[in-house]
S.K.: 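Mind looking over this structure? Questions follow.
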Amino acid sequence: MRRISWMLAMVMCVTLLLAGCGKKSADDVVKDLSDVVSDLNSYHGTALMTLHTGDTPQEYKVDISYRKPSYYRIAMTNEKKDVTQIVLRNDEGVFVLTPSLNKSFRFKSDWPNNQGQVYLYETLVRSIIGDASRQLATDDKSYVFDVAANYNSHALVRQKIWLSKNDYAPTQVQVSDANAKVVVDLKFDQFAFDTKFDKDSFDMERNMASGKTSTSSEGAPSSGAVEPSGQLDPSGAMDGTTGVTSGEPGQEQGTAGDAVQQPSGEAKVDGTATNDTSKPDAAANAEAQQQTPGTSDAANGTSAGTDAAEAVMGEFGLIEPSYTPAGVQIKDTPELEDNGTHAVMLRYSGTYNYTIVEARPKDRAVALAAGELVDIGGSFAVLTGSEQQTMTWMNDGIEFRITSADLPVSEMIQIAASIQDQSGK
(Lines give C-alpha, C1' and ligand atoms only; values in the text may rest on other atoms or scores of the structure.)
Protein backbone atom coordinates (compact mmCIF):
# COMPACT_ATOMS: atom_id res chain seq x y z
CA MET A 1 0.00 0.00 0.00
CA ARG A 2 2.83 2.35 0.92
CA ARG A 3 4.60 1.50 -2.34
CA ILE A 4 1.48 2.36 -4.38
CA SER A 5 1.06 5.67 -2.52
CA TRP A 6 4.71 6.50 -3.11
CA MET A 7 4.41 5.74 -6.84
CA LEU A 8 1.27 7.89 -7.15
CA ALA A 9 3.09 10.73 -5.43
CA MET A 10 6.00 10.41 -7.86
CA VAL A 11 3.66 10.41 -10.87
CA MET A 12 1.94 13.58 -9.61
CA CYS A 13 5.30 15.32 -9.08
CA VAL A 14 6.48 14.44 -12.58
CA THR A 15 3.15 15.61 -14.05
CA LEU A 16 3.35 18.93 -12.24
CA LEU A 17 6.98 19.36 -13.27
CA LEU A 18 6.17 18.75 -16.92
CA ALA A 19 3.20 21.11 -16.76
CA GLY A 20 5.44 23.77 -15.26
CA CYS A 21 8.01 23.31 -18.02
CA GLY A 22 5.30 23.85 -20.66
CA LYS A 23 4.29 27.26 -19.28
CA LYS A 24 6.44 30.13 -20.51
CA SER A 25 7.55 32.88 -18.18
CA ALA A 26 7.54 36.58 -19.07
CA ASP A 27 11.29 36.40 -19.70
CA ASP A 28 10.81 33.44 -22.06
CA VAL A 29 8.22 35.34 -24.08
CA VAL A 30 10.38 38.47 -24.17
CA LYS A 31 13.30 36.46 -25.55
CA ASP A 32 11.03 34.98 -28.23
CA LEU A 33 9.72 38.45 -29.13
CA SER A 34 13.27 39.74 -29.55
CA ASP A 35 13.92 36.92 -32.02
CA VAL A 36 10.67 37.61 -33.90
CA VAL A 37 11.51 41.30 -34.35
CA SER A 38 15.11 40.63 -35.40
CA ASP A 39 13.86 38.23 -38.10
CA LEU A 40 10.95 40.44 -39.17
CA ASN A 41 10.68 40.81 -42.96
CA SER A 42 7.12 42.07 -43.47
CA TYR A 43 3.61 42.04 -42.08
CA HIS A 44 0.10 43.20 -42.88
CA GLY A 45 -2.87 43.67 -40.58
CA THR A 46 -6.26 45.31 -40.32
CA ALA A 47 -7.86 46.57 -37.13
CA LEU A 48 -10.74 48.56 -35.68
CA MET A 49 -9.55 51.39 -33.44
CA THR A 50 -12.02 52.97 -31.03
CA LEU A 51 -11.12 56.25 -29.31
CA HIS A 52 -12.87 57.13 -26.05
CA THR A 53 -11.61 60.70 -25.83
CA GLY A 54 -14.88 62.61 -26.19
CA ASP A 55 -18.56 62.27 -25.39
CA THR A 56 -19.06 59.77 -28.21
CA PRO A 57 -16.64 56.94 -29.10
CA GLN A 58 -15.01 57.41 -32.50
CA GLU A 59 -14.22 54.39 -34.69
CA TYR A 60 -11.50 54.13 -37.33
CA LYS A 61 -10.52 51.26 -39.57
CA VAL A 62 -6.76 50.88 -39.78
CA ASP A 63 -4.81 49.06 -42.49
CA ILE A 64 -1.16 48.46 -41.57
CA SER A 65 1.63 47.32 -43.90
CA TYR A 66 5.37 46.95 -43.29
CA ARG A 67 8.21 45.68 -45.44
CA LYS A 68 11.87 45.47 -44.46
CA PRO A 69 13.90 47.58 -44.01
CA SER A 70 11.73 50.67 -43.45
CA TYR A 71 8.70 50.80 -45.74
CA TYR A 72 5.38 51.58 -44.08
CA ARG A 73 1.83 52.24 -45.18
CA ILE A 74 -0.86 53.14 -42.63
CA ALA A 75 -4.36 53.85 -43.96
CA MET A 76 -6.83 55.20 -41.42
CA THR A 77 -10.48 55.53 -42.42
CA ASN A 78 -13.19 57.40 -40.56
CA GLU A 79 -16.31 55.77 -42.01
CA LYS A 80 -18.62 58.35 -40.47
CA LYS A 81 -16.87 61.13 -42.40
CA ASP A 82 -15.95 58.84 -45.32
CA VAL A 83 -12.38 60.15 -45.28
CA THR A 84 -9.16 58.14 -45.49
CA GLN A 85 -5.69 59.40 -44.61
CA ILE A 86 -2.57 57.47 -45.53
CA VAL A 87 0.87 57.67 -43.96
CA LEU A 88 3.53 56.33 -46.29
CA ARG A 89 7.24 55.84 -45.81
CA ASN A 90 9.48 54.86 -48.71
CA ASP A 91 12.89 55.85 -50.09
CA GLU A 92 11.57 59.30 -51.02
CA GLY A 93 10.60 60.27 -47.46
CA VAL A 94 7.48 60.24 -45.31
CA PHE A 95 4.12 61.27 -46.78
CA VAL A 96 0.76 62.19 -45.30
CA LEU A 97 -1.84 61.73 -48.05
CA THR A 98 -5.50 62.69 -48.19
CA PRO A 99 -6.44 61.27 -51.63
CA SER A 100 -10.09 62.38 -51.58
CA LEU A 101 -8.95 66.01 -51.20
CA ASN A 102 -5.98 65.65 -53.56
CA LYS A 103 -3.60 66.86 -50.84
CA SER A 104 -0.23 65.51 -49.80
CA PHE A 105 2.57 66.49 -47.43
CA ARG A 106 6.08 65.18 -47.82
CA PHE A 107 8.90 65.55 -45.31
CA LYS A 108 12.11 64.03 -44.00
CA SER A 109 11.72 62.08 -40.77
CA ASP A 110 12.93 59.01 -38.89
CA TRP A 111 9.33 58.01 -38.22
CA PRO A 112 8.44 55.63 -36.72
CA ASN A 113 11.85 55.01 -35.14
CA ASN A 114 11.64 58.17 -33.04
CA GLN A 115 8.10 57.62 -31.71
CA GLY A 116 5.61 54.88 -31.01
CA GLN A 117 2.31 54.02 -32.71
CA VAL A 118 -0.20 51.71 -31.06
CA TYR A 119 -0.92 49.87 -34.35
CA LEU A 120 2.72 49.10 -35.22
CA TYR A 121 4.07 45.72 -34.16
CA GLU A 122 7.57 47.04 -33.44
CA THR A 123 6.15 49.66 -31.05
CA LEU A 124 4.22 47.06 -29.09
CA VAL A 125 7.20 44.73 -28.78
CA ARG A 126 9.47 47.63 -27.75
CA SER A 127 7.00 48.55 -25.00
CA ILE A 128 7.06 45.00 -23.66
CA ILE A 129 10.83 44.53 -23.82
CA GLY A 130 11.57 47.98 -22.40
CA ASP A 131 9.39 47.69 -19.28
CA ALA A 132 11.31 45.85 -16.57
CA SER A 133 8.19 45.86 -14.35
CA ARG A 134 6.04 44.21 -17.04
CA GLN A 135 3.26 41.91 -15.90
CA LEU A 136 2.21 38.80 -17.80
CA ALA A 137 -1.12 36.97 -17.69
CA THR A 138 -2.48 34.29 -20.02
CA ASP A 139 -5.78 33.09 -21.35
CA ASP A 140 -6.64 30.19 -23.64
CA LYS A 141 -5.23 31.83 -26.79
CA SER A 142 -3.10 34.79 -25.74
CA TYR A 143 -0.26 36.16 -23.70
CA VAL A 144 -1.50 39.38 -22.09
CA PHE A 145 1.14 41.94 -21.10
CA ASP A 146 0.44 44.93 -18.86
CA VAL A 147 3.16 47.53 -19.46
CA ALA A 148 3.80 51.27 -19.46
CA ALA A 149 2.46 53.28 -22.40
CA ASN A 150 5.21 55.10 -24.29
CA TYR A 151 3.28 57.52 -26.46
CA ASN A 152 3.49 61.26 -27.01
CA SER A 153 0.69 62.04 -24.57
CA HIS A 154 0.59 62.50 -20.81
CA ALA A 155 -2.98 61.16 -20.83
CA LEU A 156 -1.87 57.65 -21.88
CA VAL A 157 -0.28 55.82 -18.95
CA ARG A 158 -0.72 52.04 -19.18
CA GLN A 159 -1.49 49.52 -21.90
CA LYS A 160 -2.53 45.88 -22.19
CA ILE A 161 -1.24 43.98 -25.20
CA TRP A 162 -2.71 40.65 -26.32
CA LEU A 163 -0.36 38.42 -28.36
CA SER A 164 -1.32 35.12 -29.94
CA LYS A 165 0.31 32.09 -28.31
CA ASN A 166 0.77 30.54 -31.75
CA ASP A 167 3.00 33.14 -33.43
CA TYR A 168 3.02 36.26 -31.17
CA ALA A 169 0.82 38.20 -33.59
CA PRO A 170 -1.09 41.05 -31.89
CA THR A 171 -4.82 40.56 -31.40
CA GLN A 172 -5.79 43.52 -29.20
CA VAL A 173 -4.35 46.59 -27.48
CA GLN A 174 -5.99 48.72 -24.78
CA VAL A 175 -4.36 51.98 -23.69
CA SER A 176 -5.57 53.56 -20.44
CA ASP A 177 -5.26 56.89 -18.63
CA ALA A 178 -4.20 57.55 -15.05
CA ASN A 179 -7.70 56.59 -13.83
CA ALA A 180 -7.47 53.18 -15.57
CA LYS A 181 -10.08 54.28 -18.12
CA VAL A 182 -9.54 52.77 -21.57
CA VAL A 183 -8.85 55.63 -23.99
CA VAL A 184 -7.73 53.61 -27.04
CA ASP A 185 -9.06 50.15 -27.89
CA LEU A 186 -7.49 48.47 -30.93
CA LYS A 187 -8.84 45.11 -32.08
CA PHE A 188 -7.11 43.33 -34.95
CA ASP A 189 -9.30 41.60 -37.53
CA GLN A 190 -6.25 39.93 -39.05
CA PHE A 191 -2.49 40.01 -38.83
CA ALA A 192 0.02 38.01 -40.87
CA PHE A 193 3.80 37.91 -40.96
CA ASP A 194 5.91 37.47 -44.14
CA THR A 195 3.35 39.16 -46.39
CA LYS A 196 4.13 39.59 -50.06
CA PHE A 197 3.28 43.03 -51.48
CA ASP A 198 2.84 44.40 -54.97
CA LYS A 199 5.92 46.16 -56.30
CA ASP A 200 4.30 49.59 -56.03
CA SER A 201 2.42 49.06 -52.76
CA PHE A 202 4.46 51.80 -51.07
CA ASP A 203 4.48 54.15 -54.05
CA MET A 204 2.98 57.60 -53.40
CA GLU A 205 1.25 58.04 -56.75
CA ARG A 206 -0.36 54.61 -56.60
CA ASN A 207 -1.73 55.32 -53.12
CA MET A 208 -3.07 58.73 -54.14
CA ALA A 209 -4.85 57.15 -57.11
CA SER A 210 -6.19 54.09 -55.28
CA GLY A 211 -7.47 56.23 -52.42
CA LYS A 212 -9.64 58.19 -54.86
CA THR A 213 -11.00 55.34 -56.93
CA SER A 214 -11.36 52.18 -54.86
CA THR A 215 -11.50 50.81 -51.37
CA SER A 216 -11.10 47.36 -49.95
CA SER A 217 -13.81 45.49 -48.06
CA GLU A 218 -12.41 46.90 -44.83
CA GLY A 219 -13.04 50.44 -46.03
CA ALA A 220 -9.40 51.43 -46.50
CA PRO A 221 -7.60 51.62 -49.85
CA SER A 222 -6.00 48.35 -50.87
CA SER A 223 -2.56 47.91 -49.35
CA GLY A 224 -1.34 45.71 -52.18
CA ALA A 225 -0.83 42.82 -49.77
CA VAL A 226 -1.05 39.52 -51.62
CA GLU A 227 -0.02 36.51 -49.57
CA PRO A 228 2.61 35.48 -47.00
CA SER A 229 5.65 34.60 -49.08
CA GLY A 230 8.38 37.19 -48.89
CA GLN A 231 9.29 40.70 -49.97
CA LEU A 232 10.26 42.80 -52.96
CA ASP A 233 12.90 45.48 -53.38
CA PRO A 234 11.71 49.00 -54.23
CA SER A 235 14.05 51.66 -55.52
CA GLY A 236 14.41 55.41 -55.17
CA ALA A 237 16.41 58.06 -53.37
CA MET A 238 15.51 60.64 -50.75
CA ASP A 239 16.59 64.20 -51.32
CA GLY A 240 14.20 65.90 -48.94
CA THR A 241 13.53 68.92 -51.14
CA THR A 242 11.79 67.89 -54.34
CA GLY A 243 8.04 68.49 -54.56
CA VAL A 244 5.77 65.53 -55.25
CA THR A 245 2.89 65.05 -57.64
CA SER A 246 -0.56 63.94 -56.65
CA GLY A 247 -0.84 61.45 -59.49
CA GLU A 248 -3.58 63.51 -61.14
CA PRO A 249 -3.31 64.63 -64.79
CA GLY A 250 -1.84 68.09 -65.03
CA GLN A 251 -0.30 67.98 -61.53
CA GLU A 252 2.91 69.94 -61.56
CA GLN A 253 6.09 68.93 -59.81
CA GLY A 254 7.92 71.64 -57.91
CA THR A 255 10.98 72.01 -55.76
CA ALA A 256 11.34 73.61 -52.38
CA GLY A 257 14.25 75.63 -53.63
CA ASP A 258 13.07 78.82 -51.89
CA ALA A 259 12.78 77.22 -48.46
CA VAL A 260 16.03 77.92 -46.61
CA GLN A 261 16.76 76.02 -43.42
CA GLN A 262 17.77 78.35 -40.61
CA PRO A 263 20.32 77.50 -37.91
CA SER A 264 17.46 77.11 -35.44
CA GLY A 265 15.94 74.38 -37.59
CA GLU A 266 13.04 76.55 -38.72
CA ALA A 267 12.24 76.98 -42.37
CA LYS A 268 12.40 80.41 -43.94
CA VAL A 269 9.55 81.11 -46.35
CA ASP A 270 9.75 83.84 -49.01
CA GLY A 271 12.75 85.31 -47.21
CA THR A 272 10.97 85.91 -43.90
CA ALA A 273 11.26 83.79 -40.78
CA THR A 274 8.05 83.55 -38.76
CA ASN A 275 9.10 83.65 -35.14
CA ASP A 276 6.37 85.74 -33.49
CA THR A 277 2.99 84.23 -32.64
CA SER A 278 1.53 87.55 -31.51
CA LYS A 279 1.65 89.43 -34.80
CA PRO A 280 -0.16 92.66 -35.67
CA ASP A 281 -3.06 92.25 -38.06
CA ALA A 282 -0.98 92.98 -41.18
CA ALA A 283 1.53 90.27 -40.29
CA ALA A 284 -1.28 87.92 -39.36
CA ASN A 285 -2.80 88.44 -42.79
CA ALA A 286 0.53 87.59 -44.39
CA GLU A 287 0.83 84.45 -42.28
CA ALA A 288 -2.58 83.24 -43.35
CA GLN A 289 -1.57 83.63 -47.00
CA GLN A 290 1.57 81.57 -46.62
CA GLN A 291 1.71 77.90 -47.38
CA THR A 292 2.22 75.28 -44.76
CA PRO A 293 5.29 76.29 -42.70
CA GLY A 294 8.51 75.03 -44.24
CA THR A 295 7.23 75.23 -47.81
CA SER A 296 7.74 77.55 -50.72
CA ASP A 297 5.55 78.69 -53.61
CA ALA A 298 7.43 76.35 -55.89
CA ALA A 299 6.37 73.39 -53.75
CA ASN A 300 2.73 73.91 -54.68
CA GLY A 301 1.15 71.60 -57.22
CA THR A 302 -2.09 72.43 -59.03
CA SER A 303 -4.42 69.93 -60.65
CA ALA A 304 -6.32 70.20 -63.90
CA GLY A 305 -9.25 68.65 -62.09
CA THR A 306 -9.62 71.28 -59.38
CA ASP A 307 -13.31 71.88 -60.12
CA ALA A 308 -14.28 69.11 -57.71
CA ALA A 309 -12.16 70.64 -54.98
CA GLU A 310 -13.60 74.10 -55.67
CA ALA A 311 -17.05 72.67 -55.08
CA VAL A 312 -16.22 71.92 -51.44
CA MET A 313 -14.38 75.19 -50.85
CA GLY A 314 -16.10 78.08 -49.20
CA GLU A 315 -16.68 79.71 -45.86
CA PHE A 316 -16.86 77.28 -42.95
CA GLY A 317 -17.13 79.53 -39.91
CA LEU A 318 -14.85 79.71 -36.92
CA ILE A 319 -14.03 76.35 -35.35
CA GLU A 320 -12.91 76.69 -31.74
CA PRO A 321 -11.19 73.84 -29.87
CA SER A 322 -13.11 72.49 -26.91
CA TYR A 323 -9.83 72.10 -24.99
CA THR A 324 -7.71 75.03 -23.79
CA PRO A 325 -4.63 74.60 -21.55
CA ALA A 326 -4.93 75.85 -17.97
CA GLY A 327 -4.16 79.54 -17.64
CA VAL A 328 -4.78 80.27 -21.33
CA GLN A 329 -7.53 82.45 -22.78
CA ILE A 330 -8.47 83.43 -26.29
CA LYS A 331 -7.02 86.88 -27.01
CA ASP A 332 -8.76 87.80 -30.24
CA THR A 333 -9.81 86.58 -33.68
CA PRO A 334 -8.32 89.15 -36.07
CA GLU A 335 -9.92 89.51 -39.47
CA LEU A 336 -7.75 88.21 -42.28
CA GLU A 337 -7.56 89.46 -45.79
CA ASP A 338 -9.60 87.32 -48.19
CA ASN A 339 -6.98 85.41 -50.19
CA GLY A 340 -9.17 82.70 -51.65
CA THR A 341 -8.63 80.24 -48.80
CA HIS A 342 -11.29 81.70 -46.48
CA ALA A 343 -8.71 81.72 -43.69
CA VAL A 344 -9.53 82.62 -40.08
CA MET A 345 -7.25 83.00 -37.08
CA LEU A 346 -7.56 82.54 -33.32
CA ARG A 347 -4.90 83.97 -30.98
CA TYR A 348 -4.43 82.70 -27.44
CA SER A 349 -2.33 84.10 -24.59
CA GLY A 350 -1.53 83.32 -20.96
CA THR A 351 0.50 80.39 -19.68
CA TYR A 352 1.22 79.63 -23.34
CA ASN A 353 0.95 81.86 -26.38
CA TYR A 354 -0.12 80.42 -29.70
CA THR A 355 -2.21 80.97 -32.83
CA ILE A 356 -4.57 78.67 -34.71
CA VAL A 357 -5.09 79.35 -38.42
CA GLU A 358 -7.92 77.58 -40.28
CA ALA A 359 -8.21 77.62 -44.06
CA ARG A 360 -9.48 75.75 -47.11
CA PRO A 361 -6.43 75.54 -49.38
CA LYS A 362 -6.66 74.38 -52.97
CA ASP A 363 -5.35 71.03 -54.16
CA ARG A 364 -1.62 70.85 -53.79
CA ALA A 365 1.40 68.72 -53.08
CA VAL A 366 3.77 70.20 -50.51
CA ALA A 367 7.42 69.38 -49.80
CA LEU A 368 8.74 70.13 -46.33
CA ALA A 369 12.41 70.46 -45.35
CA ALA A 370 12.06 68.47 -42.14
CA GLY A 371 9.27 67.41 -39.83
CA GLU A 372 7.81 64.80 -37.53
CA LEU A 373 4.64 62.76 -37.84
CA VAL A 374 2.22 63.16 -34.92
CA ASP A 375 -0.81 60.97 -34.26
CA ILE A 376 -3.61 63.23 -33.01
CA GLY A 377 -6.21 60.49 -32.64
CA GLY A 378 -7.77 59.20 -35.81
CA SER A 379 -5.74 61.58 -37.94
CA PHE A 380 -2.15 62.57 -38.63
CA ALA A 381 -0.41 65.91 -38.22
CA VAL A 382 2.98 67.18 -39.35
CA LEU A 383 5.15 68.99 -36.78
CA THR A 384 7.77 71.40 -38.13
CA GLY A 385 10.15 73.96 -36.67
CA SER A 386 12.51 74.02 -33.71
CA GLU A 387 12.39 77.04 -31.39
CA GLN A 388 8.99 77.85 -32.84
CA GLN A 389 6.89 74.87 -33.83
CA THR A 390 3.90 74.47 -36.12
CA MET A 391 1.55 71.51 -36.18
CA THR A 392 -0.45 71.13 -39.42
CA TRP A 393 -3.30 68.73 -40.19
CA MET A 394 -6.44 68.32 -42.30
CA ASN A 395 -9.97 67.73 -41.00
CA ASP A 396 -13.16 67.82 -43.11
CA GLY A 397 -11.30 69.58 -45.91
CA ILE A 398 -10.01 72.31 -43.59
CA GLU A 399 -6.32 72.82 -42.94
CA PHE A 400 -5.45 73.66 -39.32
CA ARG A 401 -2.15 75.10 -38.10
CA ILE A 402 -1.14 75.66 -34.49
CA THR A 403 1.99 77.81 -34.17
CA SER A 404 3.79 78.61 -30.92
CA ALA A 405 7.22 79.14 -29.39
CA ASP A 406 6.26 77.80 -25.94
CA LEU A 407 3.29 75.41 -26.29
CA PRO A 408 4.35 71.79 -25.56
CA VAL A 409 3.65 69.21 -28.24
CA SER A 410 1.48 67.24 -25.79
CA GLU A 411 -0.76 70.31 -25.42
CA MET A 412 -0.87 70.79 -29.20
CA ILE A 413 -2.09 67.20 -29.53
CA GLN A 414 -4.88 67.73 -27.00
CA ILE A 415 -5.99 70.93 -28.72
CA ALA A 416 -5.95 69.24 -32.12
CA ALA A 417 -7.86 66.20 -30.82
CA SER A 418 -10.55 68.49 -29.38
CA ILE A 419 -11.09 70.01 -32.83
CA GLN A 420 -11.41 66.69 -34.67
CA ASP A 421 -15.09 66.16 -33.96
CA GLN A 422 -16.32 69.67 -34.55
CA SER A 423 -17.73 71.50 -37.54
CA GLY A 424 -17.85 75.17 -38.40
CA LYS A 425 -20.34 77.45 -36.73
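Keep in mind it's a predicted model, so treat the numbers as computed, not measured.
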S.K.: Would the distance check show the side chain of T351 and the main-chain N or O of A326 forming a donor-acceptor pair, the cut-off being under 3.5 Å?
M.R.: yes
S.K.: Quick one: are the ring centres of F202 and F197 less than 6.0 Å apart?
M.R.: yes
S.K.: Determine whether a donor-acceptor pair (N or O, by modelled atom type, separation under 3.5 Å) exists between the side chain of S25 and the backbone of D28.
M.R.: yes
S.K.: OH/Y119 to CG/D375 distance, rounded to the nearest 0.5 angstrom?
M.R.: 4.0 Å
S.K.: Taking only residues two or more places apart in sequence or in another chain, which ones pass salt bridge (Lys or Arg N to Asp or Glu O under 4.0 Å) with K31?
M.R.: D35
S.K.: Apply the test side-chain contact (heavy atoms from CB on, under 4.5 Å) to residues E399 and T392: give CA-CA distance (whole Å), side-chain angles for both, the deciding distance (0.1 Å), then the verdict.
M.R.: CA-CA 7 Å; E399 180 182 279; T392 307; 3.9 Å; yes
S.K.: Is the backbone N or O of W111 less than 3.5 Å from a side-chain atom of R89, with the two atoms forming a donor-acceptor pair by type?
M.R.: yes
S.K.: Looking at residues at least two apart in the chain, or sitting in another chain, which of them share a side-chain contact (heavy atoms from CB on, under 4.5 Å) with T138?
M.R.: Y143, K165
S.K.: Within the side chain of D406, is there an N or O that forms a donor-acceptor pair under 3.5 Å with the backbone of N353?
M.R.: yes
S.K.: Test of understanding: with salt bridge (Lys or Arg N to Asp or Glu O under 4.0 Å), list the residues that count as partners of D177, not counting sequence neighbours.
M.R.: none
S.K.: When you measure from the side chain of Q159 to the backbone of A148, do you find a donor-acceptor pair of N or O atoms at a distance under 3.5 Å?
M.R.: yes
S.K.: What pair of heavy atoms forms the shortest contact from Y71 to P69, and how long is it?
M.R.: CE1-CD, 3.3 Å
S.K.: Can you list everything that forms a salt bridge (Lys or Arg N to Asp or Glu O under 4.0 Å) with D27? Sequence neighbours excluded, please.
M.R.: R134
S.K.: Judged by modelled atom types alone, do E122 and Y43 share a side-chain donor-acceptor pair under 3.5 Å?
M.R.: yes
S.K.: CG/N207 to OG1/T84 distance, rounded to the nearest 0.5 angstrom?
M.R.: 11.0 Å
S.K.: Would you say D139's side chain and S142's backbone share a donor-acceptor pair under 3.5 angstrom?
M.R.: yes
S.K.: Quick check, are the ring centers of F191 and F193 under 6.0 angstrom apart?
M.R.: yes
S.K.: Quick check: does any side chain N or O of T123 sit under 3.5 Å from a backbone N or O of V118, one acting as donor and the other as acceptor?
M.R.: no
S.K.: Is S418 reaching over with its side chain to a backbone N or O of I415, donor-acceptor style, under 3.5 angstrom?
M.R.: yes
S.K.: What closest approach, in Å, do L124 and I161 show between heavy atoms, and which atom pair accounts for it?
M.R.: O-CD1, 3.8 Å
S.K.: So, Q85 side chain and F380 main chain: donor-acceptor pair closer than 3.5 Å or not?
M.R.: yes
S.K.: Suppose we screen for side chain to side chain donor-acceptor pair (under 3.5 Å). Which residues come up paired with D200, at least two apart in sequence or across chains?
M.R.: R206
S.K.: If the condition is side chain to side chain donor-acceptor pair (under 3.5 Å), which residues does Y168 pass it with, not counting sequence neighbours?
M.R.: K24, D32
